[in-house]
Amino acid sequence: MNQKNFKSNITGTQKEDAPKSIIQQDRDKGLLSYKFEIMDDDNIYSISFRGKLADGETKKILEATQNCLYEKIADCIQTYLKQHNIAYSYFISNKMPLNHTKAMELAELLLNSDNCSSFDSYFGNADTYYLIADHQKWVAENCCQGCYFAVKIAHPIDKGLYQYHIIGQTFNYDETTGDESGYFAIRTNRDYGYLDNIALSSGEPVLPPFGCVDIMSVLLSIDNIQTAEQIIEIAVK
């Protein structure tokens with residue numbers, strides 16, 4: 001799959017990342033790049049900026065967005081930065097149509113690819129990247145298809161490899177028969193850029209295709225989640 005075209009098709013036109021030389025210069029100064037993306041049924045909301053956040057500050061930013069509507073998260077993040085006197089620059093926010101087919105392809109890639117490099121180009125050069133998806137679409141009169149996922153990718157400034165945490169599920173629902181099926185995985189990378197599965201489930205969905213699923217809470221706890229039971233306790237309300 002051509003990753004550059006894949007990125008364009010799923011998100012629409014985006015501002016190009018800064019040249020790697022400039023990004024490295026910022027890192028040398030202790031300035032990092034942060035990116036947050038949220039996918040719902042129809043759109044993807046993208047927020048990025050550069051700054052120097054203290055340990056744990058990005059988690060506090062996510063906590064501040066928990067009660068925000070997705071379309072208001074950019075305002076919520078910028079308000080947090082201002083209220084806490086956090087210096088930042090290059091704050092960019094976008095709202096773009098979400099392509100359902102490409103969203104499902106990304107979910108399949110996240111949940112099945114063995115090699116982190118297979119989707120590195122999608123995530124760009126952000127030092128810390130967060131992505132959540134809560135996406136469903138009726139693809140036929142009686143058939144609904146969708147995905148949930150939470151992704152955290154961090155590039156420790158003193159290490160060469162990105163650290164990946166991925167939790168997600170794809171699912172199908174047939175309204176005529178009431179049949180539900182899903183594929184669920186909790187994943188992380190160890191060494192050498194390869195992803196390991198911590199937990200897998202295929203068949204009956206772990207997360208319900210319909211109802212209130214708090215995927216933001218999953219993202220907030222993603223470093224410590226090891227089992228499907230933990231996901232249900234955190235996400236299903």
Side-chain angles (χ1 to χ4, degrees), residues 1 3 5-12 36-46 62 65-73 94-113 118-119 122-123 130-152 165-187 195 197-222 225 227-237:
M1 179 182 294
Q3 295 296 314
N5 290 338
F6 177 71
K7 179 177 179 179
S8 176
N9 288 341
I10 195 170
T11 63
F36 304 78
E37 291 194 307
I38 303 99
M39 297 180 183
D40 64 12
D41 292 346
D42 301 308
N43 300 293
I44 178 167
Y45 304 90
S46 179
L62 291 174
T65 69
Q66 276 191 290
N67 296 319
C68 293
L69 297 173
Y70 288 157
E71 58 264 31
K72 298 293 185 181
I73 284 182
N94 290 301
K95 172 185 175 182
M96 296 154 286
L98 179 64
N99 181 292
H100 169 72
T101 300
K102 294 300 178 181
M104 296 302 296
E105 288 179 2
L106 176 59
E108 294 286 348
L109 194 67
L110 289 169
L111 298 181
N112 292 284
S113 178
S118 62
F119 41 78
Y122 172 79
F123 299 115
Y130 293 99
L131 169 65
I132 61 171
D134 181 354
H135 174 73
Q136 299 88 30
K137 184 176 180 65
W138 290 94
V139 294
E141 184 176 354
N142 298 309
C143 181
C144 183
Q145 186 181 69
C147 57
Y148 299 108
F149 51 82
V151 178
K152 176 186 174 183
H165 294 277
I166 299 168
I167 297 173
Q169 173 180 280
T170 56
F171 61 84
N172 290 276
Y173 170 71
D174 189 318
E175 188 178 41
T176 302
T177 63
D179 290 340
E180 298 177 353
S181 62
Y183 180 83
F184 171 88
I186 302 173
R187 320 187 75 201
L195 285 161
N197 295 316
I198 298 173
L200 284 177
S201 177
S202 182
E204 183 178 352
V206 170
L207 297 171
F210 302 101
C212 185
V213 175
D214 185 355
I215 201 69
M216 182 63 80
S217 289
V218 174
L219 183 60
L220 282 164
S221 303
I222 198 167
I225 293 174
T227 68
E229 289 75 18
Q230 287 177 292
I231 295 288
I232 294 169
E233 183 177 351
I234 292 169
V236 180
K237 309 298 181 182

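Note that the coordinates shown come from a computational prediction; the quantities given were computed from them, not determined experimentally.
Taking CE from Met216 and CD1 from Ile234, the interatomic distance works out to 14.0 Å, rounded to the nearest 0.5 Å. Going from atom CG of Asn172 over to atom CD of Gln136 covers 12.0 Å, rounded to the nearest 0.5 Å. Note that CD1 of Ile231 is 11.5 Å distant from OG of Ser201, once rounded to the nearest 0.5 Å. Between Lys95 atom NZ and Ile38 atom CD1 the span is 12.5 Å, to the nearest 0.5 Å. Between Leu62 atom CG and Tyr130 atom OH the span is 5.5 Å, to the nearest 0.5 Å. Gln145 CD to His100 NE2: the interatomic distance, rounded to the nearest 0.5 Å, is 4.0 Å.
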Mind running side chain to side chain contact (heavy atoms under 4.5 Å, CB included) on Asp134 and Tyr70 for me, showing each step along the way? CA-CA 11 Å; Asp134 181 354; Tyr70 288 157; 3.9 Å; yes
CA sep, side-chain torsions, deciding dist, call: Asn142, Thr176, side-chain hydrogen bond (donor to acceptor under 3.5 Å, both in side chains): CA-CA 6 Å; Asn142 298 309; Thr176 302; 3.2 Å; yes
Residue pair Tyr183, Glu108: steps toward the side chain to side chain contact (heavy atoms under 4.5 Å, CB included) verdict: CA-CA 9 Å; Tyr183 180 83; Glu108 294 286 348; 5.7 Å; no
Side chain to side chain contact (heavy atoms under 4.5 Å, CB included) between Asn197 and Ile186, worked out: CA-CA 6 Å; Asn197 295 316; Ile186 302 173; over 6 Å; no
Worked check of side-chain hydrogen bond (donor to acceptor under 3.5 Å, both in side chains) between Glu204 and Ser181: CA-CA 5 Å; Glu204 183 178 352; Ser181 62; over 6 Å; no
Evaluate side chain to side chain contact (heavy atoms under 4.5 Å, CB included) for Ser46 paired with Met96, printing each intermediate quantity in order. CA-CA 8 Å; Ser46 179; Met96 296 154 286; 4.0 Å; yes
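In terms of heavy atoms, Ser113 sits closest to Leu195 at O-CD1, 3.6 Å. In terms of heavy-atom proximity, Gly182 sits nearest to Pro205 at N-CG, 4.0 Å. Closest heavy-atom contact between Leu111 and Ile166: CD2-CG2, 4.4 Å. Nearest approach of Leu200 to Ala185, heavy atoms of both residues: CD2-CB, 3.5 Å. Taking all atoms of both residues into account, the shortest heavy-atom contact from Met104 to Gly146 is CE-O, 3.3 Å. Looking at every heavy atom in both residues, Cys68 comes nearest to Ile73 through CB-CG1, 4.0 Å.
Arg187 contributes no side-chain N or O that, together with a main-chain N or O of Ile198, makes up a donor-acceptor pair within less than 3.5 Å. At least one donor-acceptor pair under 3.5 Å links the side chain of Gln169 to the backbone N or O of Leu207. Side chain of Glu233 to main chain of Gln230: no donor-acceptor pair is present (N/O by atom type, distance under 3.5 Å, no hydrogens or angles). Between the side chain of Asp174 and the main chain of Thr177, a donor-acceptor pair closer than 3.5 Å is present. In terms of modelled atom types and a separation under 3.5 Å, the side chain of His135 and the main chain of Asp40 share a donor-acceptor contact.
Contact of the Val213 side chain with the Val218 side chain is not registered, since no non-hydrogen atoms from C-beta on lie closer than 4.5 Å. Contact of the Leu131 side chain with the Phe149 side chain is registered, since non-hydrogen atoms from C-beta on lie closer than 4.5 Å. At a threshold of 4.5 Å between non-hydrogen side-chain atoms, the residues Leu219 and Ile215 do not count as touching. Annotation: side chain of Lys137 is not in contact with side chain of Cys144 (no heavy-atom distance under 4.5 Å). In this structure the side chain of Val151 never reaches within 4.5 angstrom of the side chain of Glu37, judged on heavy atoms.
The ring of Phe184 has its center no closer than 6.0 angstrom to the ring center of Tyr148.
Between Tyr173 and Trp138, the two ring planes are perpendicular [angle over 60°; tilted spans 30° to 60°].
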